[in-house]
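Structure first, commentary second.
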Amino acid sequence: MPPSFAAQDVRIHDACADDYDELQRLAREGHKPSAAIWKSLETAFARARRDAQFADPIPARWLPRHFRDRYGAANLYCVDLAGFHRGFYTIEHRVVYFLDVVDHATYDKWFPNKGK
């Protein structure tokens with residue numbers, strides 16, 4: 001098995017930092033769905049530090065325009081989170097940038113007919 005691709009750093013992209021701050025605040029206040037999502041995000045952050053490519057890669061032809069336009073992402077990975085949520089991240093120069101966390105309905109809109 002080849003060695004893992006360790007990230008030099010794991011960050012939350014500046015464009016969505018407020019969303020992550022709000023999720024963390026709700027988790028700290030005891031909002032159970034937010035706490036579950038936040039806990040699964042913390043696990044994803046730790047896994048990304050060890051192996052930047054641990055999640056499911058999104059083929060370039062399926063990359064939603066949202067990620068190219070808002071973040072300039074050329075690659076995209078999707079990680080399953082608690083409560084049927086999905087987290088997305090990109091890798092730039094060995095730095096992992098976490099992007100949007102979305103519910104299943106938004107995921108289905110971005111990736112119609114995925115798995116059907």
Side-chain angles (χ1 to χ4, degrees):
M1 186 166 164
S4 66
F5 174 60
Q8 287 180 340
D9 198 7
V10 174
R11 302 176 186 164
I12 295 169
H13 196 283
D14 290 342
C16 56
D18 290 343
D19 296 336
Y20 280 80
D21 290 343
E22 178 67 9
L23 185 61
Q24 185 179 31
R25 182 188 65 77
L26 289 169
R28 286 183 177 161
E29 290 177 358
H31 185 255
K32 288 186 182 197
S34 298
I37 295 166
W38 186 255
K39 183 176 179 181
S40 59
L41 273 169
E42 287 179 323
T43 300
F45 298 155
R47 288 188 70 188
R49 280 185 188 87
R50 291 189 308 273
D51 181 5
Q53 296 175 312
F54 82 93
D56 297 326
I58 304 295
R61 68 183 181 279
W62 290 354
L63 186 75
R65 187 177 185 138
H66 167 82
F67 293 101
R68 287 190 310 266
D69 293 350
R70 184 170 186 200
Y71 305 110
N75 59 71
L76 190 66
Y77 296 83
C78 178
V79 59
D80 292 336
L81 302 173
F84 300 104
H85 283 73
R86 303 288 189 273
F88 294 94
Y89 68 87
T90 189
I91 303 170
E92 270 184 43
H93 308 292
R94 296 186 67 103
V95 176
V96 171
Y97 290 94
F98 273 82
L99 309 172
D100 295 297
V101 172
V102 300
D103 60 16
H104 207 284
T106 303
Y107 176 84
D108 285 345
K109 205 178 334 177
W110 284 344
F111 301 98
N113 301 319
K114 176 91 166 85
K116 293 181 182 175

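The residues of the chain are indexed from 1 along the displayed sequence. Just the heavy atoms: all of them, side chains too, but no hydrogens, waters or symmetry mates, feed the values below. Just so it is clear, the structure is predicted and the values come from calculations on it, not from any experiment.
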With distance as the sole test, does [X] use its side chain to make a donor-acceptor pair with the main-chain N or O of [Y] at under 3.5 Å?
X: Arg94; Y: Ala6; result: yes
X: Asp19; Y: Val101; result: no
X: Arg70; Y: Leu99; result: no

Inspect the surroundings of CZ in Arg25 and state if more than 12 heavy atoms from other residues, nucleotides or ligands are less than 6.0 Å away.
yes
So Asp100 and Thr106, do their side chains get closer than 4.5 Å, heavy atoms only?
no
For [X] and [Y], which heavy atoms make the closest approach, and how far apart are they?
X: Ser40; Y: Ile37; value: OG-O, 2.8 Å
X: Leu63; Y: Ala73; value: CD2-O, 3.4 Å
X: Ala7; Y: Ala48; value: CB-O, 3.6 Å

Spacing of [X] atom [atom1] and [Y] atom [atom2] [to the nearest 0.5 Å]:
X: Ile12; Y: Leu41; atom1: CD1; atom2: CG; answer: 7.5 Å
X: Tyr77; Y: Thr90; atom1: OH; atom2: OG1; answer: 8.0 Å
X: Arg68; Y: Arg65; atom1: CZ; atom2: CZ; answer: 6.5 Å
X: His85; Y: Ser34; atom1: NE2; atom2: OG; answer: 8.0 Å
X: Leu23; Y: His31; atom1: CG; atom2: NE2; answer: 9.5 Å
X: Leu26; Y: Trp38; atom1: CG; atom2: CH2; answer: 11.0 Å

Residue list, side-chain hydrogen bond (donor to acceptor under 3.5 Å, both in side chains) with Asp80, at least two apart or on another chain:
Arg86
Checking Asp21 now: which residues fulfil side-chain hydrogen bond (donor to acceptor under 3.5 Å, both in side chains) with it, not counting sequence neighbours?
none
Please find out if less than 6.0 Å separates the ring center of Tyr71 from that of Tyr97.
no
Does a side-chain N-to-carboxylate-O contact under 4.0 Å join Lys39 and Glu42?
no
Check for me, please, whether Tyr107 and Phe84 land in the same ILVMFWY cluster - side-chain distances under 4.5 Å, paths through other members count.
no
Which one of Phe98, Tyr20, Phe67 satisfies the ring-ring contact (aromatic ring centres under 6.0 Å, His included) criterion with Tyr89?
Phe98
State which residues pass salt bridge (charged side-chain N to carboxylate O under 4.0 Å, His left out) with Asp9; sequence neighbours excluded, sorted by chain then number.
Arg11
Could you check Phe111 against Cys78 for side chain to side chain contact (heavy atoms under 4.5 Å, CB included), going step by step and ending with a plain yes or no?
CA-CA 11 Å; Phe111 301 98; Cys78 178; over 6 Å; no
